[in-house]
There are 2 protein chains.
Amino acid sequence: MSNKNQSREKILQAATRLFHLNGYHATGLNQILQESGAPKGSLYYHFPNGKEQLAAEAIQLSGQIIAADIRTRLNAFDDPIEAIQYNIQLIAEQFNQVEKLAELPTVPLGLLAAETALVNENLRQICEETFDMWDNIYIEKLTSSGYSEERARLISITTNALIEGGVTLCLTRKSSEPLLQIQKMIPLLLTK
Amino acid sequence: MSNKNQSREKILQAATRLFHLNGYHATGLNQILQESGAPKGSLYYHFPNGKEQLAAEAIQLSGQIIAADIRTRLNAFDDPIEAIQYNIQLIAEQFNQVEKLAELPTVPLGLLAAETALVNENLRQICEETFDMWDNIYIEKLTSSGYSEERARLISITTNALIEGGVTLCLTRKSSEPLLQIQKMIPLLLTK
DNA sequence: GTCTATAGGCAGATAGAC
DNA sequence: GTCTATCTGCCTATAGAC
């Protein structure tokens, strides 16, 4: 059982990294196995439903890691404006060294979501639940800072869209600039 | 030559639709040919560099179609706030009938950009140029409405990120709601 | 310019020994 | 639980008749 979980975890970690970085369709099971060091037989023992199950668990795993990141960053400042700006700043900094991108699981799931939404209902739902989870973190921070429920919802959706779109722009431009620029607009969005 | 261009155009149109909808890696050449009605020999006659060339031209084609859409929409209102809101509204409405999504090439290129940015330098550059083109349309509208060059740049980047991220959220939620919500924030962003 | 047939490789998935 | 060998099918790309 200890071995079982070790292997499983290694495979899942490699899958999570590769799916987020290269996407669902561009990532092969062989690639995942090679990186994790596990054999193919092992993969189907631990993930009987193959690639789809692997992607489902990968999205959930990184969804929770990112949620934890967002929570600690938002808690770093009382003022929600500073807090959200800090969060975006840290995401942006990942794009300074593109090599290091490979190590970090904190690239949001826009790619996976867009790839699967129209094609795989199961994965689509998991992405939706993940976005819900992230939304709720922002909403809680904002309502506890005195924003109305309705306004908090609006700001949260907008923030998530800004981050997902901003990440796409940073990837495309090979630069952290887009998110650093976007971050400057947060004070305007958080007008009460 | 008339036949040549007809075939070429059909293939390119099918490719454009499928790439934007399903992504680069999930779209097969067979699928493109089947939809276009053209034979495989024809594809490699018209696009000697195969899939990559097809994707490159598809991005450029839809990039220009979308640019034209943005231009006419921004020209529909003098006030840039109303104009940008109108543009987002029209993008959002595409997600009301998911069936009709298939017909419209106006889904921005976030998926293609994120898929290719780290993997194919040629396609990455084309995506970057396309984003530049769209940025410039917003910038021109804003500066001619009295916004400073610097502020116009900032707003344009943010608007593009909002749209790309918003589209991802709409796809994931199978709903036009996210973009309709986001649209409400435009007046705050355009504060002078 | 158009079409067929097919090469050659890699994908995801499975069977069965150990 | 692990590993190898292998199946089937689809992928991109090409060769060559017409």
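Remember, it's a predicted structure, so these values are computed and weren't measured experimentally. Letters A, B, ... are given to chains in the order of the sequence lines, protein chains preceding strands, and every chain is numbered from 1.
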Do the side-chain N and O atoms of A/N87 and A/Y138 include a donor-acceptor pair separated by under 3.5 angstrom?
-> yes
Nearest whole angstrom, please: distance from the P of D/dT12 to the CD of B/Q34.
-> 13 Å
Specify the residue among A/Y24 and A/G41 whose closest nucleotide of DNA chain C lies further upstream toward the 5′ end.
-> A/Y24
So, is A/Y44 close to the C/dA13 phosphate, meaning a side-chain N or O under 4.0 Å from OP1 or OP2?
-> yes
Among D/dT2, C/dA13, D/dT12, the nucleotide that comes nearest once only the side chain of A/L29 is considered | C/dA13
Nearest-Å distance, CD1 (B/I32) to P (D/dC10)?
-> 17 Å
Working for salt bridge (Lys or Arg N to Asp or Glu O under 4.0 Å), residues A/R173 and B/D135 = CA-CA 13 Å; A/R173 298 197 187 278; B/D135 269 343; 3.2 Å; yes
Atom CG of B/L18 and atom P of D/dT12 are separated, to the nearest Å, by 12 Å
Within the structure, does a side-chain N or O atom of B/N30 lie under 4.0 Å from either OP1 or OP2 of D/dC10?
-> no
CZ of A/F47 versus P of D/dG1: gap in Å, rounded?
-> 13 Å
Does a donor on one side chain and an acceptor on the other come within less than 3.5 Å for B/Q89 and B/Q183?
-> yes
Residue-phosphate contact under 4.0 Å: A/H25 side-chain N/O, C/dA11 OP1/OP2 | no
Out of curiosity, A/E129 CD to A/I59 CD1, how far, rounded to the nearest 0.5 Å?
-> 10.5 Å
Would you indicate, yes or no, if C/dT2 has its OP1 or OP2 atom less than 4.0 angstrom from a side-chain nitrogen or oxygen of B/Y45?
-> no
Go through the side-chain N and O atoms of B/E177 and B/Q181 and say whether any donor and acceptor fall under 3.5 Å apart.
-> yes
Check the distance between C/dA11's P and A/Q31's CD and give it to me in whole angstrom.
-> 8 Å
Touch class at under 4.0 angstrom, heavy-atom based, for A/G28 against every strand present | sugar-phosphate
Rounded to the Å, how far apart are B/L33 CG and D/dT12 C1'?
-> 11 Å
Gap between atoms CG and P, on B/L43 and D/dC11 respectively (whole Å) = 13 Å
For C/dG1, does either OP1 or OP2 sit under 4.0 Å from a side-chain N or O belonging to B/S42?
-> no
Between C1' of D/dC3 and NZ of A/K10, the distance in whole Å = 15 Å
